[in-house]
Amino acid sequence: MSPRFEPTVGRYLHLDLLGRPHRLYVEEAGTGIPLLCLHTAGSDGRQYRGLLNDPRITANYRVIVFDMPWHGKSSPPAGWENEEYKLTSRDYVRMILEVSAALELDKPVVMGCSIGGRIVLHLAHEHPEKFRAIIGLESSPKVDPYYDVSWLHRPDVHGGEVSAGIVSGLVAPTAPEEGRWETLWHYMQSGPGVFKGDLHFYMIDGDISDRLDHIDARRCPLYLLTGEYDYSCTTEGTLEVARRTGAQATIMRDLGHFPMSENPEKFIGYLLPVLERIRSGNKKASAA
Amino acid sequence: MLTHLAARVNGDANLVRRGKFVNTSFLIAIDNADHIVRIEHGRIASVTPGPFITPNYSFALRAPREAWENLWSEKPIPGFTDIFALVKKKLLRIEGDLHPFMSNLLYFKGVLAAPRSGAAT
């Protein structure tokens, strides 16, 4: 194999986030409509490398992925050693808006998976005017706890290995081995207590069941894509969101909870028509 | 259903390596049929069917036969692909001292996937 560089560019962004100085790692590739991508709990932006490297997407979209604070190559804020990381709906919404503003994005498309798929529902509810379209991957209004999350952060259990063990069954059994194990590797590298802290949003604070009926997909187009093998954010949960919001939902065959990293090629096949629809809607809006 | 368990686990060098620090006994209940699986350094030393009068094990996984059959079918349908999927559906109960299980979760998931039809014997 001859050596080559990817078109992806990674940089560190210094900004005030949630009232504190942060250093965030941001990757991007492509030109056109900004597509801001949000990774899953306990993982990082590497999940989107398939999209960043696909010219069918980057020809028309500027794909931007940032590692949330505490995740990937983004450090926790100074003083982290004296606090317990716990993601809340309020902070998560603010973080996305502040990153988008810092990058001077003009009405981006926002796309998130799992916790990202949940927070985009909060964005659709609270800030639909700020986005060109919203894409929820593995979106559900809530997920009740089904295991004791304290196992994820204790000194006598390896946090990375147990986190990977917890999520391993969420990858579709039909996923290629390379995609499955790369997805799990990201979990194995998560910082101590970070996955658990994200699950505070996912399983407790981020429940949006009582506000779903106030989301109106006519105010901002809302698309939902969910893998048939996802037993965490279930297909039933996604279809409920679609029924109550007017979103367009697609159940993706042969995919699980991590479509963009477990099987990028298969996932992009489902994503391209959505991106094309957003682009054509955009053209119509410009012509009107 | 557990006939090939020991041969499949012990024949998988990577799985045995992943479990090389595991030394415990755990119980698999298929309906009311108990089996105690003894693991030594990641290898299955024995699979002993019950009934037992004073079973000695660290943790137990109990589920109806139908749930195990779905989990171990050659191509499990959505919702039955993983033990945690069964836990979420309240079809599988994991009880006892969970530390050996949770601290070696990927290993035990490999062991519990080994009875799947079509897996290498």
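By convention in this document, chain letters (A, B, ...) are assigned in the order of the sequence lines, proteins followed by strands, and residues within each chain are numbered from 1.
- Other residues, nucleotides and ligands place no more than 12 heavy atoms under 6.0 Å from the CZ atom of A:Arg49.
- If you tally non-hydrogen atom pairs under 4.5 Å between each of A:Trp151, A:Tyr229, A:Tyr147 and chain B, the highest count goes to A:Trp151.
- Heavy-atom distances place the backbone of B:Ile77, and not its side chain, under 4.5 Å from chain A.
- Taking both residues in full, the closest heavy atoms of B:Thr81 and A:Pro173 are given as CG2-CG, 3.8 Å, listed atom of the first, atom of the second, then distance.
- Other residues, nucleotides and ligands contribute only 12 or fewer heavy atoms inside 6.0 Å of the CZ atom of B:Arg43.
- Nearest approach of A:Gly165 to B:Leu105, heavy atoms of both residues: C-CD2, 3.5 Å.
- Of the atoms belonging to A:Leu170, not a single heavy atom falls under 4.5 Å from chain B.
- Sparse packing is recorded around CZ of B:Phe21, with 12 or fewer heavy atoms of other residues, nucleotides or ligands lying under 6.0 Å away.
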Exercise. Please lay out, stage by stage, how B:Leu106 and A:Ser168 fare under the test side chain to side chain contact (heavy atoms under 4.5 Å, CB included).
Key: CA-CA 8 Å; B:Leu106 271 174; A:Ser168 65; 3.9 Å; yes

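- Taking B:Lys89, B:Lys90, B:Lys75, B:His99 one by one and counting their heavy-atom pairs under 4.5 Å with chain A, the maximum is reached by B:His99.
- The stretch residues 230-250 of chain A places A:Tyr231, A:Ser232, A:Thr234 near chain B, each with some heavy atom under 4.5 Å from a heavy atom of that chain.
- The local environment of CG in A:Asp213 is crowded, with over 12 non-hydrogen atoms from other residues, nucleotides or ligands closer than 6.0 Å.
- Within 6.0 Å of atom CG in B:Asn56, 12 or fewer heavy atoms from other residues, nucleotides or ligands are found, so the atom counts as exposed in its surroundings.
- Side chains of A:Asp144 and B:Lys88 form no contact here, defined as non-hydrogen atoms less than 4.5 Å apart.
- Surrounding CD of B:Glu95 are more than 12 heavy atoms belonging to other residues, nucleotides or ligands, all under 6.0 Å away.
- Using a 4.5 Å cut-off between heavy atoms, B:Lys109 touches chain A through its side chain atoms alone.
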